[in-house]
2 protein chains.
Amino acid sequence: MKVKKDMMSGEDIRNAGLKVTLPRVKILGVLEQLEHGHVSAEDLYKLLLDAGEEIGLATIYRVLTQFESAGLVTRHHFEGGQSVFELDRGDHHDHIVCIRCGKVEEFFDQTIEDRQQEIATSKGFAVEAHALTIYGYCKDPKCKGS
Amino acid sequence: MKVKKDMMSGEDIRNAGLKVTLPRVKILGVLEQLEHGHVSAEDLYKLLLDAGEEIGLATIYRVLTQFESAGLVTRHHFEGGQSVFELDRGDHHDHIVCIRCGKVEEFFDQTIEDRQQEIATSKGFAVEAHALTIYGYCKDPKCKGS
DNA sequence: AGCCGAATGCAAAAGCTTCTCATTTGTTGC
DNA sequence: GCAACAAATGAGAAGCTTTTGCATTCGGCT
């Protein structure tokens, strides 16, 4: 059973069969301190620059992809064309995104999870993953209404 | 209440406030005859070529975007980077995609729909849309298992 | 400390999608 | 029907995000 983790470290990188390099440690560090938890590769690049770390965008993409394969990070395809990444702390959840301000909130609902499994099974599919994203306007006065 | 439509026509284009041009009619026609119902812009371009219609890719993107605004077509962001389009016949549904062969099946589940609405409301969001896609291996022997 | 393969940075390239603009095509009124 | 005008199209250029090639650098192990 997976346990929710609060801290990631070089250990996690090593366990993924990757060398513990400075870029990888810094990227993991930034992902960990994110307030909202969701960033594009570009955003991550800028955050690292702000933190004084000059890490090439290509490296960021490479590392994020490796982290994804290792299960350290999850990649989402929200509307808008670019991929958004999030640290995988072991607790699966879905998303609700404000289409005005872009805010992302998370939720988990066992009823939905169960129904998905049932539906897949009834169609002969073996579920590997799923992506559920609700789009709407959040409660912020600036976003509310249309 | 929306009604499921089997046929689209020039009327639908006109009602969207668009001129009834040859490219638009042809695109709508191909979308209508699709077996699986889901195509990328590129696929659509090739299908039209096969049908002897030389319609530029740029036009296809433009028209699909207009159709989307008009509610004639729905755009999905499945994994893989490119957008996939589908004729909107008025019946909302979600998708289950085989990650081996790419087959797409549709489903609708009122329980899930209701739960989504409840979750959004509890978080102060006004739902505008949602995207639920289950990824897995379909029952085809070539895809089954991992 | 030194070696070797892995990792990085940069720039170039590759996909997908959008934009620009000259040309063509619907539509509307006569 | 036909002229007139705006809207739509096609072709290529441009824009973005993401990936790749290659020389250089770095981390891990002896």
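Here the structure is a predicted model, which is why all the values come from computation and not from measurement. Lettering of chains follows the sequences in order, A, B, ..., and the numbering in each one begins at 1.
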More than 12 heavy atoms from other groups under 6.0 Å of CD on B:Q110
yes

Shared ILVMFWY cluster between B:V63 and B:L49, side chains joined below 4.5 angstrom?
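B:V63 and B:L49: one cluster.
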
Indicate if A:L48 and A:L34 have the same hydrophobic cluster label, given that clusters are the connected sets of ILVMFWY residues with side-chain heavy-atom separations under 4.5 angstrom.
yes

Looking only at the aromatic ring of each residue, does the gap between the centers of A:H95 and A:F78 stay below 6.0 angstrom?
yes

When you check the phosphate oxygens OP1 and OP2 of C:dT27, does a side-chain N or O of B:R14 lie under 4.0 Å from one of them?
yes

So does A:R24 get a side-chain nitrogen or oxygen closer than 4.0 Å to the phosphate oxygens (OP1/OP2) of C:dT8?
yes

Specify the separation, in whole Å, of atom [atom1] of [X] and atom [atom2] of [N].
X     : N      : atom1 : atom2 : value
A:K46 : D:dC16 : NZ    : P     : 11 Å
B:K26 : C:dG26 : NZ    : P     : 12 Å
A:K19 : C:dT8  : NZ    : P     : 9 Å
B:E11 : C:dT27 : CD    : C1'   : 15 Å
B:I60 : D:dA8  : CD1   : P     : 17 Å
A:D43 : D:dT17 : CG    : C1'   : 13 Å
B:I13 : C:dT25 : CD1   : P     : 17 Å
B:Y45 : D:dA11 : OH    : C1'   : 10 Å

Would you check if the side chain of [X] reaches a backbone N or O of [Y] as a donor-acceptor pair within less than 3.5 Å?
X     : Y     : result
A:T65 : A:Y61 : yes
A:D12 : A:S9  : yes
B:N15 : B:E11 : yes
A:R75 : A:V84 : no

Presence of salt bridge, A:D91 and A:R89, under 4.0 angstrom:
no

How would you summarise protein contacts on nucleotides 13-22 of chain C per nucleotide, using B for base, S for sugar-phosphate only and - for none, with heavy-atom distances below 4.0 Å?
---SBBBB--

Under the rule of Watson-Crick or G-U wobble with both distances under 3.5 Å, where | means paired to another strand and [ ] a crossing pair, DNA chain D maps to ||||||||||||||||||||||||||||||

Find which nucleotide of DNA chain C each of A:P23 and B:L18 is nearest to by heavy atoms, and output the residue with the more 5' nucleotide.
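Here A:P23 is the residue nearer the 5' end.
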
